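Quick note on labels: first sequence line is chain A, next is B, and so on, each numbered from 1. These numbers come from a predicted model, not from an experiment.
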There are 2 protein chains.
Amino acid sequence: MTRRLAEVAKKVGVSEATVSRVLNGKPGVSEATRESVLTALDVLGYERPTQLRGDRARLVGLVLPELQNPIFPAFAEVVGGALAQQGFTSLLCTRTVGGVSEADYVDLLLQQQVSGVVFAGGFYAQADAPHEHYQLIQERKLPCVLVNAAVDHLGFPQVSSDDFVAADMAIGHLRALGHEKIGMVLGPRDHIPSRRKLDAFLAAPEADPGLVEHTMFSLEGGHAAATRLVKNGVTGIVCASDILALGAIRAVRRAGLAVPEDVSVIGYDDSAMMNCTDPPLTTVRQPIDAMGRAAVDLLVALIERASVPADELLFEPELVVRASTARLKT
Amino acid sequence: MTRRLAEVAKKVGVSEATVSRVLNGKPGVSEATRESVLTALDVLGYERPTQLRGDRARLVGLVLPELQNPIFPAFAEVVGGALAQQGFTSLLCTRTVGGVSEADYVDLLLQQQVSGVVFAGGFYAQADAPHEHYQLIQERKLPCVLVNAAVDHLGFPQVSSDDFVAADMAIGHLRALGHEKIGMVLGPRDHIPSRRKLDAFLAAPEADPGLVEHTMFSLEGGHAAATRLVKNGVTGIVCASDILALGAIRAVRRAGLAVPEDVSVIGYDDSAMMNCTDPPLTTVRQPIDAMGRAAVDLLVALIERASVPADELLFEPELVVRASTARLKT
DNA sequence: CCAGGTTGCGCAAGTATTTGCGCTGGCTTG
DNA sequence: CAAGCCAGCGCAAATACTTGCGCAACCTGG
C-alpha cells in the first residue's frame, strides 16, 4: 500500500529500479542521480537505510541518574572519551524530573540498536526499585556494564569503587583526629553503596547506629540530615556524596558552628571544584578515570564477544585531605 | 537474496505469512508466537522495525561542547526536562577530547531521524570554526535552535542571554565599588559572546584595551590570563565564565593577594555551587531556566511546523553579588 | 458431550522490491 | 569523424513480502 519506490521514482523522474539500486548501495547509478534520489527520500520523510550514511554507527548508551552532582558529568566525559577512542559514539541518557524513566531509556536504546549500555548509579543500585528492564537487556544478550554496586547478580559485569574501604578510610581519618561521636549521612535505605558504607560504619564496636541518617542525594537532603546529627552532638560527619557534604557544611554553619573547628565533614566522590569550596572539602576520591576506562574496556570486550567474567571489579578509593576536617578541639 | 522471512520462518517453524504479520504488528498472531519470532529475529541478527517498540520515539538532539563547566549539565537538565514534558526524548551529545566532532554528531542525529536539534555553545558561536554541518541541517529543513550568540544568521532562531548587558553590569558593579583598573578574561577571539562582552568593555571611554585577555574556557586558562592581569596591576577582573573566575581567584592568591580584599573577581553563568566556593562568587546569572524553556518552546513550534521568527531572543542576565567583590581599598 | 464462536495460522494470490540484461548516448580513440 | 566502449538507466523477469480467506483447534455454554 505504500509503494515507496514508485512514489520516490515518480518524484525524481527515474525508474523504480534506479531507486532500488540507490537504496541498496548498488553500483550503476551516477552520483548525481543518487543524490537526488536520497534528497527525495528525505523530502518524502522516508528513513534511509542505516548503511547509507557511512558505516553503521557504533552507538553505546550511557545511562545516568542525574547531572546535578558533578561526578556524573565527569564520569560521562571519561566514558564518552574512552568510547570515542574505540570508535564508538555515546548516547547520554539522563532521568529528568517527571520525565523519561530508566525503563523508557532502555526501550529507546534497544530501538536505536545500540551495541551496548553502561549504567551508572541507576536503579540497579536500589533494592526496591523496578528491575524488569535489566532483564530485558539480558534476554537480548545486549552487552552491558554496571558501575557501582548492583543489587544482586543480574549477571552483568560490574565496576565499582570499594564503598566499604571508602567509609572505613573516612571514619579512620576522623578517629585519628580524635573524633569519637561520628555521624553518617547516607542515601536511601535500599541504596547498595550506602548500605556498604553503613556496614563499614557499624563494623566498629564503638559506632552508634542512632547517628546514621538516610536522605536523598541533594544539598537540601544533606542539610536536613546533618542538622539532626549536629543536634545530637556529633563532631564528625561522613557523607555519601560531596553534594551531601556541602549541605552538611551549610547545616553546621546554620547551627552556629564552624567547619572544621567545631565539626569535621568528609565528602565522597571528589567531584570537580571541591578544592574551590569553602572550606576545601576533605573527601574520598572515586577513581572515576580508571573506572570509566575499565567499564569501557569490559563493554568493548563484551561487544566483541569476548568472554568476560560477570564479577565486580572493585576499585580502591583514595582519601583526599583538604580543610574540612581538623583535630577535635580538646 | 536474503530471504529474511523464509529464514526466520524456518527457524521458528511457522509460515512466512506469520513472520510478516509479526514484523508489521498485524493482529492474528498469538503472543507466544510473536515472542518466538522476535527472538529468532534477534538471534539471527536482523533489525526489528522501529515501530515494533511502542510508537516512534520523538527524539531531539542536544549538542553541548563539554560537561566540565557545570552550566552545561544544568542546561541539559532544563532542556531535557522541558522536552520530556512535551513528550520528547533528548539525546545528549558532547564533544570529547579527540573524539566525536560536532559534524559527526550532526550526521548521527540525522541518521537517527531526530525531530530537531538544540545547540548550546557550539561551533556556530566561533567565527573561525567550520559551519558546513549547520547548512546540512538547514537543507534538510530540520528544526533547530541555537543557544547563545551565533556567528551570523544561519537562519535558525536563537535564544541568548544579553552578553553586552551582562558585561556592562559586571563592570558597573566594579566601578561602583571604586575600581578603575579593570581587566577582562574572555574566551577565544572569534567567540561571539566574548566579543559582545568585549564591546561592552570597550564602550566605556576609560577602558584600557591592554587589559583584555583571551584564553580557552578552563580553570587553567583563567589562571594564566588572570596572572598577567594581576601583574599589570588590575584591582578588578571580569570573567566570561565561572570556571575562568575560579581560575582567576587562584591566580590572585598565587600572586600573594587576597580576594576580594586586594582584587575583586566577577564570574559569569552562576552555575551550581558557586555559593559554596571560597569566597562565594559574585557572578552574572544567565537565566538558563527561562532560556532552556524558550529554546524548547521554539523547537517544538518548529517541529509542529508553526512559523517562528528566525530572530534572536535576548534574555536579561542578573547580577548576583556574593563575596568575591568588595570596595577598593583606599 | 456437542454446537457455535473465536483465535491462530497456512495457503496462495496479490503487491512490492530487486536484478539480469540490453539499449542509449556521450566520450575516447584511432 | 567514425567505431568502439562503457556508464547509466529502464524493462521486465525473478524474488521477496503482504494479506484475504478458509481451515482447524480450542474454548464455552448449553
Side-chain angles (χ1 to χ4, degrees), chain A residues 1-57 107-108 110-114 132 135-136 139-142, chain B residues 1-58 107-108 110-114 136 139-141:
Chain A
M1 94 271 234
T2 31
R3 212 75 156 95
R4 293 203 295 158
L5 290 219
E7 192 182 346
V8 176
K10 205 172 77 187
K11 175 113 190 169
V12 191
V14 296
S15 69
E16 292 183 26
T18 303
V19 178
S20 170
R21 275 189 271 261
V22 171
L23 245 35
N24 294 51
K26 291 282 164 62
V29 183
S30 69
E31 204 43 51
T33 311
R34 192 178 292 274
E35 268 316 308
S36 41
V37 169
L38 251 17
T39 306
L41 258 191
D42 289 332
V43 170
L44 293 175
Y46 289 126
E47 291 188 20
R48 45 169 90 185
T50 322
Q51 13 149 355
L52 273 190
R53 316 239 87 240
D55 50 349
R56 191 147 175 25
D107 270 9
L108 174 77
L110 287 173
Q111 198 174 128
Q112 302 292 323
Q113 295 284 123
V114 293
E132 294 83 17
Q135 280 158 22
L136 195 60
E139 281 167 21
R140 293 283 196 86
K141 302 226 175 12
L142 193 65
Chain B
M1 99 261 238
T2 32
R3 210 81 155 89
R4 294 204 296 159
L5 289 220
E7 192 182 345
V8 175
K10 205 173 76 188
K11 175 115 190 166
V12 191
V14 296
S15 68
E16 291 184 29
T18 304
V19 178
S20 171
R21 276 188 270 260
V22 171
L23 245 35
N24 295 53
K26 292 282 165 62
V29 183
S30 69
E31 204 44 52
T33 310
R34 191 177 294 271
E35 270 314 309
S36 39
V37 169
L38 286 176
T39 305
L41 257 190
D42 289 332
V43 169
L44 293 174
Y46 290 125
E47 293 188 15
R48 44 171 92 186
T50 321
Q51 12 149 356
L52 270 191
R53 313 242 91 238
D55 50 348
R56 191 144 177 25
R58 307 212 299 166
D107 269 9
L108 174 77
L110 286 173
Q111 199 177 128
Q112 301 292 326
Q113 296 282 121
V114 294
L136 195 62
E139 280 166 21
R140 293 285 194 84
K141 300 228 175 17

For S36(B) against V12(B), the heavy-atom pair lying closest together: OG-CG1, 3.9 Å
Residue mapping more 5' on DNA chain C - nearest nucleotide basis, E16(B) or A6(A): E16(B)
Rounded interatomic separation in angstrom, taking CG from L23(B) and C1' from dT15(C): 17 Å
All side-chain contact (heavy atoms from CB on, under 4.5 Å) counterparts of T33(B), not counting sequence neighbours: V14(B), T18(B), V29(B), S30(B), V37(B)
Straight-line distance of S15(A) OG to K10(A) NZ, nearest 0.5 Å: 15.0 Å
Distance test, side-chain N/O of T33(A) to OP1/OP2 of dC9(D), below 4.0 Å: yes
Length of the line joining E7(B):CD and dC17(D):P, which is rounded to integer Å: 10 Å
Contact summary for K26(A) and R34(A), nearest pair of heavy atoms: O-NH2, 3.0 Å
Distance in angstrom units between K10(B) NZ and dG10(C) C1', rounded: 18 Å
For atom NZ of K26(A) and atom P of dG8(D), their distance in whole Å: 16 Å
Euclidean distance, atom CD of residue E35(A) to atom P of dG8(D) [Å, nearest integer]: 14 Å
Whole-Å gap separating P (dT19(D)) and CG (N24(B)): 6 Å
Sugar-phosphate only, base, or nothing, as touched by V14(B) at under 4.0 Å among non-hydrogen atoms: sugar-phosphate
Side chain R21(B) and base dG8(C) donor-acceptor under 3.5 Å: no
Short side-chain N/O contact to dT18(C) OP1/OP2 from S20(A), under 4.0 Å: yes
T18(A) side chain near dG8(D) phosphate (N/O to OP1/OP2, under 4.0 Å): no
Distance, rounded to the nearest Å, where R34(B) contributes CZ and dT7(C) contributes C1': 13 Å
A17(B) side-chain proximity, nearest of dC9(D), dA12(C), dC9(C): dA12(C)
Nearest-0.5 Å distance, CD of residue E16(B) to CD of residue E7(B): 11.5 Å
